[in-house]
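Accompanying notes for the structure given below.
Below, chain A is the first sequence line, B the second, and so on; all start at residue 1. Since the structure is predicted, the reported quantities are computational estimates derived from the model, not experimental observations.
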Amino acid sequence: MQENLVLYNSLSRKKEKFTAINPPFVGMYVCGPTVYGDAHLGHARPAITFDLLFRYFQHIGYKVRYVRNITDVGHLENDEDHGEDKIGKKAKLEQVEPMEIVQFYSDRYHREMDKLNVLRPSIEPRASGHIIEQIELTQKILDAGYAYISNGSVYFDVEKYNEKYNYGKLSGRVLEDLYSNTRELDGQSEKRNSFDFALWKNASPEHIMRWPSPWGQGFPGWHAECSAMGHKYLGEKFDIHGGGMDLLFPHHECEIAQNTVAIGENSINYWIHNNMITINGQKMGKSLGNFITLEELFTGSNKVLEKAYSPMTIRFFILQAQYRSTLDFSNEALQAAEKGLIRLLKGVENLNNLKANKQNNFDAQKFRQDCYNAMNDDLNSPILISYLFDGLKTINSIVAGNENIDENNLNILKEVYDTFLFEILGLKLENENSGNNKILENVVNIVLNLRVKAKENKDWASSDFIRDELAKIGIIVKDKKDGFEWEIQ
RNA sequence: GGUACCUUGGCCGAGUGGCUAGGCACCGGUCUGCAAAACCGGCUACGGCGGUUCGACUCCGCCAGGUACCUCCA
């Protein structure tokens, strides 16, 4: 087992050596989607980031329990006092049961994540399935004296909490600043302070999603689910809590407050946050309306897209940036990723056909160690990928006969690509010519075989005619030494 | 307004107090009937102004520009 993994902890704002609480087990909780719309490029980033971590942990010998929730209740729009439930609103709009919305978008989320080769988590709990746990959490906080009841709702008393603990220790916020910077209360609020947050909300008569509780008919506050479910499945203390940087405040800050009171201080060791994907330098997000769904990316059906991009192109694009950096979307960047990935995968094909030599001038052990070092340094996937490209040059030189590799080093080299490219980065070969186009495939092959005959007869007019006419309808022919390849543009 | 962060070559994106990441594009070459593809090579950048230092893209200060969070967002 590699013991040198270093991860950036948002709590300390430093890179820290990772030490599991109870090795070889690792408990990891990641905030999943609120399922009221299609997954977009932004959703792919945490999914892939924590998939990378999940895969790497397993590779270096840990047994990981990976919990990623599905939020299906309690996530309100706008203001906590007056906002509408996101799922409930969509259900009304579509005139279906809220759970139909949840099922529909959960299924679609899974489908897109599968395409991205994101492994399913070990447990995927839903907020609506853990109402009792959230009521218990709320009751504990009430019993401890850090919450108050107001009109059938229960609010966390941040001011009181901050007297003993430090509200803001994760996000670096100071409560006094929040006083001056939050909007003035209009006098109608149920909350004592605007920064107090709901643990349980009283349901108005028109609110569809509602459950009985000691405080009346209602529903849980947004932050309650992660505290309740995380600790239910991972224990009182666990190793990692992850999510997007935009959840740092208030969501994760509130979770820490809840956990501290209801479960204990420092119940989670490492807080890990991925950065945002930007478009034209601006965050891609639901509220800005500048998001591109994954389905649109895969099919090219969005006017900002010059073409369709395959799931592996998207995955590679995301992995080419370190997860804590913003990543700027553009057609140019995506096409660069696409071409690079194809070249890398072709290199692996060459590698698998390599023949070992007696002589050797490649140090595969060092190469392997470099790759581990990159991953151990806070999952530096772009550096890892740069090494894999460096290795490609070596592979091609060996193919060309300019360098030599012996059997031992060749075996290690193959193992490194297998491990890092496929197992850890989670990339895979994609089959082009999607689906039921067997007939087209056969027809093109017949035509191109005719072209081979024409070339043998030095009938350049015919061979160029075939190539050019195919190009006109979007089929690109690539000659090879021993035959041809083609692809649909 | 408060808090934090960022500014790297045409584009994306790593990184370090001295040892030119990588990809894409571009240019040149090999190969090819030609072209494409593939392969090889070239392309030495770190917002501005000061300071610390033998030496700064890397540390410090100021300025400029940008972003995020402070309300829902991955």
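Exactly one residue among I424(A), L52(A), I318(A) makes a side chain to side chain contact (heavy atoms under 4.5 Å, CB included) with S381(A). That residue is L52(A).
Between the side chain of D479(A) and the base of rA35(B) there is at least one donor-acceptor pair of N/O atoms closer than 3.5 Å. Below the 3.5 angstrom threshold, one finds a donor paired with an acceptor across the side chain of D464(A) and the base of rG33(B). Side-chain atoms of S463(A) come within donor-acceptor range of the base of rG33(B), with a qualifying N/O pair under 3.5 Å. R343(A) contributes no side-chain N or O that forms a donor-acceptor pair with the base of rA38(B) under 3.5 Å.
With sequence neighbours excluded, the residues forming a ring pair (Phe, Tyr, Trp, His ring centres under 6.0 Å) with H130(A) are Y233(A), listed by chain and number.
Backbone-only contact: G281(A) has heavy atoms under 4.0 Å from sugar-phosphate atoms and none from a base.
For the segment residues 316-324 of chain A, residues with any heavy atom less than 4.0 angstrom from an atom of RNA chain B are, sorted by number, Q320(A), A321(A), Q322(A).
Stacking between W460(A) and rG33(B) is shown: the ring centroid lies under 5.5 Å from the centre of the six-membered base ring, and the planes differ by under 30°.
A straight line from CG of N275(A) to P of rG13(B) spans 11 Å, rounded to a whole angstrom. Put simply, CE on M245(A) is 9 Å from C1' on rC5(B), counting in whole angstrom units. Distance CG (N290(A)) to C1' (rU67(B)): 13 Å, rounded to an integer number of Å. Look at CD1 on I277(A): it is 13 Å from C1' on rC12(B), rounded to the nearest Å. At whole-Å resolution of the value, CD in E253(A) and C1' in rA4(B) are 13 Å apart.
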Pairs counted only when both distances fall under 3.5 Å, Watson-Crick or G-U: show me the 5' to 3' dot-bracket for RNA chain B, [ ] for pseudoknotted crossings and | for other-strand partners. (((((((..(((.....[...))).(((((.......)))))....(((((..]....))))))))))))....
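Cation-pi contact between R324(A) and Y8(A): present, with separation from the ring centre below 6.0 Å and deviation from the ring axis of at most 45°.
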Contacts under 3.5 angstrom, residues 454-461 of chain A side chains, donor-acceptor by atom type, not counting sequence neighbours:
from: K455(A); atom 1: NZ; to: D479(A); atom 2: OD2; distance (Å): 2.9
from: N457(A); atom 1: ND2; to: K453(A); atom 2: O; distance (Å): 3.3
from: D459(A); atom 1: OD1; to: S462(A); atom 2: N; distance (Å): 3.3
from: D459(A); atom 1: OD1; to: S462(A); atom 2: OG; distance (Å): 3.2
from: D459(A); atom 1: OD2; to: S462(A); atom 2: OG; distance (Å): 2.5

Which pairs would a plain distance check flag for residues 284-292 of chain A, meaning a side-chain donor or acceptor within less than 3.5 Å of a matching protein atom at least two apart in sequence or in another chain?
from: N290(A); atom 1: OD1; to: G285(A); atom 2: N; distance (Å): 3.0
from: N290(A); atom 1: ND2; to: K283(A); atom 2: O; distance (Å): 2.9

Which pairs, protein N/O on one side and nucleotides 25-32 of chain B N/O on the other, fall under 3.5 Å?
from: rA25(B); atom 1: OP1; to: K339(A); atom 2: NZ; distance (Å): 2.7

